[in-house]
J.: 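Following this message is one structure expressed as structure tokens.
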Amino acid sequence: MPRAEIRLLKNLEEYRQCEPIQRRVWGTLGVGSEVMAVTQKYGGAVVGTIVEGRVAGFIYAFLAHFHGRLVHWSHMMAVEARFRDRGFGFRMKLFHRKLALERGLKSICWTYDPLQSRNARLNISRLGAVVDQYVPDCYGHFPSLLEKGLPSDRLVVNWRIATARVRARLQGESPPVDASLPRVNETRLTARGFPENRVIRLDLTHPGLLVEIPAHTGDMRSRALPLARRWRLETRRIFERYLSAGFRVEDFLPPQPASEDRCFYLLRRSPRG
Ligand SMILES: CC(C)(COP(=O)(O)OP(=O)(O)OC[C@H]1O[C@@H](n2cnc3c(N)ncnc32)[C@H](O)[C@@H]1OP(=O)(O)O)[C@@H](O)C(=O)NCCC(=O)NCCS
């Protein structure tokens with residue numbers, strides 16, 4: 001694998017290279033090169049991963065207000081499919097954090113699909129972000145290759161980049177998650193090998209709870225779309241119920257081959273809850 005450089009993108013040619021990446025990843029163009037150029041110039045950030053002189057991934061973030069604070073709102077992050085799972089997403093987030101801290105910012109925020117377990121692994125367990133907000137159908141119906149026609153529900157990530165919690169996570173310190181905590185949903189495998197919910201409990205009061213999600217949502221959306229739609233609506237009920245009751249998403253247990261690739265969010269009742 002050739003060496004990769006992580007840095008701010010510099011010119012229109014590099015911003016233009018982000019356009020076909022967006023089309024390949026989402027099937028549509030979200031942010032064009034001109035807007036990227038002005039965002040970079042006037043307080044936002046466009047971070048790139050460069051492999052052999054070409055952009056292989058990027059983050060696009062603009063200045064925004066969130067909970068009364070000036071933050072970077074990271075509207076897009078993408079890594080070309082063939083370059084995934086090599087740590088580029090993580091390294092771009094680290095680069096972005098350093099830059100934002102140097103500019104006096106305390107948070108970087110973004111949204112992500114709670115059913116994308118790769119994003120959950122990166123955002124929650126590796127970066128140490130926490131989530132207390134769920135937005136159903138956040139962007140309305142849009143022609144995304146990832147969404148495949150499902151409502152675009154999102155968790156809102158607040159990555160509080162100056163906290164001890166985040167520093168500890170970035171140094172690889174993560175307290176073990178108690179896998180015996182009560183489970184909000186119990187699943188079983190369908191004949192085609194996809195998990196489906198068998199039981200959903202919306203009345204649990206224990207301060208720590210586990211919520212299972214499928215480990216391979218993209219595959220399920222391609223091969224079992226009605227089941228994927230059910231997962232969307234069922235996890236919407238779960239997150240809306242528990243986040244409104246004072247829980248927040250605090251950790252994520254990535255897929256374990258020993259447990260049929262099952263993976264779980266850890267929800268904890270926050271101190272004010
Ligand atoms: C999200 C994205 C940018 C991550 O980029 P990346 O370079 O692959 O990220 P990293 O390699 O740093 O981290 C991925 C992690 O997920 C893990 N992972 C891979 N497949 C997984 C799965 N099915 N479930 C859970 N975790 C998984 C990887 O092992 C890695 O964790 P590790 O570092 O502990 O091994 C990339 O997947 C992408 O472009 N996705 C499509 C667009 C998108 O969803 N953008 C974000 C929302 S705007």
Side-chain angles (χ1 to χ4, degrees), residues 1 4-6 17-18 20-31 45-51 55-62 72-97 108-129 131 135 138-139 142 144-148 150 152-157 159 169-174 177 193-195 211-222 228 231 249 251-266:
M1 178 67 200
E5 187 189 0
I6 312 286
Q17 290 179 30
C18 299
I21 297 178
Q22 293 176 50
R23 290 201 177 90
R24 278 192 289 274
V25 171
W26 288 284
T28 182
L29 180 69
V31 180
V46 188
V47 178
T49 296
I50 314 291
V51 179
V55 179
F58 70 93
I59 287 177
Y60 168 79
F62 50 82
H72 262 181
W73 193 277
S74 176
H75 182 55
M76 290 186 140
M77 169 160 88
V79 170
E80 292 262 33
R82 67 182 184 282
F83 292 118
R84 288 185 195 153
D85 297 336
R86 296 163 195 247
F88 294 156
F90 184 68
R91 286 173 59 193
M92 285 198 292
K93 289 290 189 194
L94 291 188
F95 183 97
H96 190 188
R97 172 177 179 265
I108 300 175
C109 305
W110 63 92
T111 64
Y112 82 96
D113 180 341
L115 292 172
Q116 293 287 357
S117 59
R118 180 189 270 110
N119 303 48
R121 165 74 181 148
L122 179 60
N123 296 336
I124 309 296
S125 46
R126 298 231 38 225
L127 298 175
V131 169
V135 184
C138 187
Y139 303 110
F142 72 114
S144 161
L145 291 177
L146 300 177
E147 222 74 55
K148 298 211 168 46
L150 263 53
S152 55
D153 290 22
R154 294 291 184 267
L155 289 172
V156 181
V157 169
W159 191 31
R169 278 298 162 119
L170 297 181
Q171 284 161 11
E173 292 166 25
S174 47
V177 176
F194 293 116
V211 176
E212 184 172 346
I213 61 162
H216 305 288
T217 281
D219 199 20
M220 185 189 285
R221 288 178 190 176
S222 300
W231 268 100
V249 178
D251 215 334
F252 180 72
L253 273 155
Q256 305 292 333
S259 67
E260 295 167 324
D261 259 6
R262 297 169 79 190
C263 50
F264 301 87
Y265 283 104
L266 168 68

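Atom set for the values below is all heavy atoms of this structure, side chains included, hydrogens, waters and symmetry mates excluded. Because the structure is predicted, anything quoted here is derived from the model rather than measured. All ligand and atom numbering here is 1-based and tracks the order in the structure. In this chain, residues are counted from 1 in sequence order.
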J.: Using a strict 4.0 Å threshold on nitrogen-to-oxygen distance, state whether D251 and R169 make a salt bridge.
T.: yes

J.: Between T111 and Y139, is there a side-chain donor-acceptor contact under 3.5 Å, judged purely by atom types and distance?
T.: yes

J.: Between R91 and T49, is there a side-chain heavy-atom distance shorter than 4.5 Å?
T.: no

J.: Taking 4.0 angstrom as the limit, do R154 and E147 come out as a salt bridge?
T.: yes

J.: Below 3.5 Å only, please: the N or O atoms of ligand 1 paired with protein N or O atoms, distance on each line.
T.:
residue: ligand 1; atom: 7 (O); partner: G89; partner atom: N; Å: 2.9
residue: ligand 1; atom: 8 (O); partner: D85; partner atom: N; Å: 2.8
residue: ligand 1; atom: 11 (O); partner: D85; partner atom: N; Å: 3.4
residue: ligand 1; atom: 11 (O); partner: R86; partner atom: N; Å: 3.3
residue: ligand 1; atom: 11 (O); partner: G87; partner atom: N; Å: 2.9
residue: ligand 1; atom: 12 (O); partner: G89; partner atom: N; Å: 3.4
residue: ligand 1; atom: 12 (O); partner: F90; partner atom: N; Å: 2.9
residue: ligand 1; atom: 23 (N); partner: S117; partner atom: OG; Å: 3.4
residue: ligand 1; atom: 23 (N); partner: A215; partner atom: O; Å: 3.0
residue: ligand 1; atom: 24 (N); partner: S117; partner atom: OG; Å: 2.7
residue: ligand 1; atom: 33 (O); partner: R126; partner atom: NH1; Å: 2.7
residue: ligand 1; atom: 34 (O); partner: R121; partner atom: NE; Å: 3.0
residue: ligand 1; atom: 34 (O); partner: R121; partner atom: NH2; Å: 2.7
residue: ligand 1; atom: 39 (O); partner: V79; partner atom: N; Å: 2.8
residue: ligand 1; atom: 39 (O); partner: V79; partner atom: O; Å: 3.3
residue: ligand 1; atom: 39 (O); partner: R84; partner atom: NE; Å: 3.4
residue: ligand 1; atom: 44 (O); partner: N119; partner atom: ND2; Å: 2.9
residue: ligand 1; atom: 45 (N); partner: M77; partner atom: O; Å: 2.7

J.: Set out, in order, the CA-CA distance, both residues' side-chain angles and the distance that settles side-chain contact (heavy atoms from CB on, under 4.5 Å) for L150 and W231, then state yes or no.
T.: CA-CA 10 Å; L150 263 53; W231 268 100; over 6 Å; no

J.: Are the side chains of M76 and I21 in contact, using a 4.5 Å heavy-atom criterion?
T.: no

